[in-house]
Amino acid sequence: MYYKKLKAFPDDFLWGASTSAYQAEGAYNEDGKGLSVQDLHHPKDIADFKIASDHYHHFKEDVQMMAELGLKAYRFSIAWTRIIPDGDGKINKAGIDFYNALIDELCAYHIEPVVTMYHFDLPLALHEKGGWANRHTIDAFVRYARILFENFGDRVKYWLTINEQNVMINHPSAMNPGRLPSKKELYQQCHNMFVASAKATLLCHEMIENGKIGPAPNITAIYPETCKPEDIIAADNWESIRCWLYLDMAVYGRYNNLVWSYLEDHMLTPEIEEGDMDLLAQAKPDYLGINYYATATVAGPKNDGTDCQARNGDQQIMIGEEGVYRAANNQYLETTEYGWMIDSIGLRVTLRRIYDRYHMPILITENGIGAKDELAKDGKIHDHYRIDYLQRHFHQAQLAITDGVDLIGYCPWSFMDLVSTHQGYGKRYGFVFIDRDEKNIKQLKRIKKDSFYWYRDIIQNNGL
Ligand code: BG6
């Protein structure tokens, strides 16, 4: 639809930027922090999470740069293992102090803290007790939530329960060191995470005045390869399994019917305890956090043993599933150098679909382009490709607002360079360059990229 006039971004639009604790903070074993499943990650050629961008020691300087950028919101995660080193035992005061200091610093600059409670970094000690497959982790998470709300709820009003639960279920290797769980176990983990989020949601409403809480899945529209009805069904299948399962549960508190049939047919249904479904139905989020990177295109399955192609998938690359869908190419879209589709219009499609389904405020909690940014001879980072990428996505976000979508904010990934989940510092997302290599941490100097100045102007003008 071509509009004669676009609606403006709302005056209180949350122009933000995102990070996560284990990818940015470093200080992985300092001041009493316990180990998380991510701390076992010791890749040979790329950076691990031990020092990362050392945000833990540089947070004041980093927040000052956020203020200079003009951020209205900063979305970051709290490391569960800083607060409770073994996940369910003693509280670590130094961890509480660190986040208090960070939140105070943000508030001093009038930057709204948007806090993710759990971003891929389950305490290792809980993992060793069975992780999310064990219902004890639900209780541990709820206790952790209570501690967060008690300590930070006076200043933090925007909460996100679990980052990309759907990625943890569909791409489980990085979160399950030691042994890859079976699909049946994964759907049990998934159910337990649903219950944990629902309990945290209810608790947030009980404990925090004006507290707002929501999930943060990775959602993307799935396109059919052609208008062949079999392709349409496959796109529906995968969109439901990958996306709607998670949002239907968060918003309506029920299993998506198509996904439930799939789980039954594949003998993957989780054990549901008495009271779970009532609780899930009671807990209502206040907004939906959405991580969006790229759409995906799929074709109807052949169901002949070849639907799952032997490609390695990451969170944006579809690999196919026997009898459900096949991964297909989209000839109309470019890809990043890492094979992720670049689809700004897909952002509008995704936002329209989500809003149409749930009619809830949406906060974009991640979106951005990973690239091999390099320091130029003039000492600057000329990331015109990032400016181009974000400009196109912001424009589509504005079109979605004009379509009537209640979009409350946009937090690109990421505020500063951090360890990418698969490519370390070889793939950077930030507005701020962190001068380090995979193994040589140098001085960790912070350098503003060209996109920093561009984004600052966008924020100042409240839009493009
Ligand atoms: C999201 C995650 O899936 O994608 C982030 O929430 C991640 O933690 C981001 O960093 C980008 O992915 P990657 O693999 O390029 O780091």
Side-chain angles (χ1 to χ4, degrees), residues 16-26 36-39 41 43 45-49 52-53 55 74-80 114-122 160-175 193 214-220 242-243 246 288-296 311-319 335-343 346-347 350 363-373 383 385-386 389-390 393 410-432 434 438:
S18 291
T19 62
S20 87
Y22 82 97
Q23 292 172 279
E25 282 177 8
S36 85
V37 291
Q38 298 299 340
D39 293 316
H41 188 75
D45 306 317
I46 61 168
D48 57 26
F49 302 110
S53 300
H55 176 60
Y74 173 48
R75 181 228 176 190
F76 61 99
S77 76
I78 289 185
W80 188 340
V114 178
V115 172
T116 313
M117 298 161 66
Y118 163 50
H119 191 124
F120 299 164
D121 51 355
L122 187 70
L160 294 156
T161 49
I162 299 184
N163 181 69
E164 294 195 348
Q165 183 176 332
N166 56 339
V167 167
M168 290 197 271
I169 301 307
N170 290 307
H171 302 278
S173 54
M175 338 299 168
M193 286 188 214
N218 178 313
I219 301 295
T220 174
R242 187 189 184 280
C243 303
Y246 300 87
L288 303 175
I290 300 296
N291 293 354
Y292 171 86
Y293 287 90
T295 51
R311 279 195 296 157
N312 254 344
D314 60 27
Q315 64 269 50
Q316 294 311 140
I317 297 192
M318 307 298 127
I319 54 176
T335 57
T336 68
E337 49 191 320
Y338 303 93
W340 291 14
M341 297 291 159
I342 302 181
D343 187 5
L347 172 63
T350 304
L363 174 67
I364 296 173
T365 37
E366 285 184 34
N367 168 244
I369 185 167
K372 289 190 180 77
D373 297 338
D383 55 343
Y385 36 87
R386 180 161 296 109
Y389 177 98
L390 287 173
H393 284 74
Y410 201 131
C411 299
W413 185 262
S414 48
F415 168 67
M416 61 187 151
D417 292 341
L418 36 70
V419 188
S420 137
T421 61
H422 294 88
Q423 287 92 359
Y425 283 87
K427 187 188 193 188
R428 293 166 181 263
Y429 286 87
F431 293 110
V432 175
I434 303 293
E438 298 298 354

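The basis for the numbers below is simple: all heavy atoms, side chains too, and nothing from hydrogens, waters or symmetry mates. Keep in mind that this is a model prediction, so the values were computed, not measured. This chain uses plain numbering: 1 for the first residue, then up along the sequence. Counting starts at 1 for both ligands and their atoms, following the listed order.
- By the 30° and 60° cut-offs, the orientation of the rings of Tyr429 relative to Tyr293 is perpendicular.
- Between the side chains of Thr295 and Asp343, at least one donor-acceptor pair of N or O atoms lies under 3.5 Å.
- Ring planes of His393 and Tyr292: tilted class, angle from 30 to 60°.
- The side chain to side chain contact (heavy atoms under 4.5 Å, CB included) test with Asp121 is passed by exactly one of Gln38, Met175, Glu25: Gln38.
- Judged as a salt bridge (charged side-chain N to carboxylate O under 4.0 Å, His left out), not a single pair has a partner in residues 160-175 (not counting sequence neighbours).
- Near ligand 1, residues Gln23, His119, Phe120, Asn163, Glu164, Asn291, Tyr293, Gln315, Trp340, Glu366, Trp413, Ser420, Thr421, His422, Lys427, Tyr429 come within 4.0 angstrom through at least one heavy atom.
- Below 30°, between 30° and 60°, or above 60°: for Tyr22 and Phe120 the angle between ring planes is between 30° and 60°, a tilted geometry.
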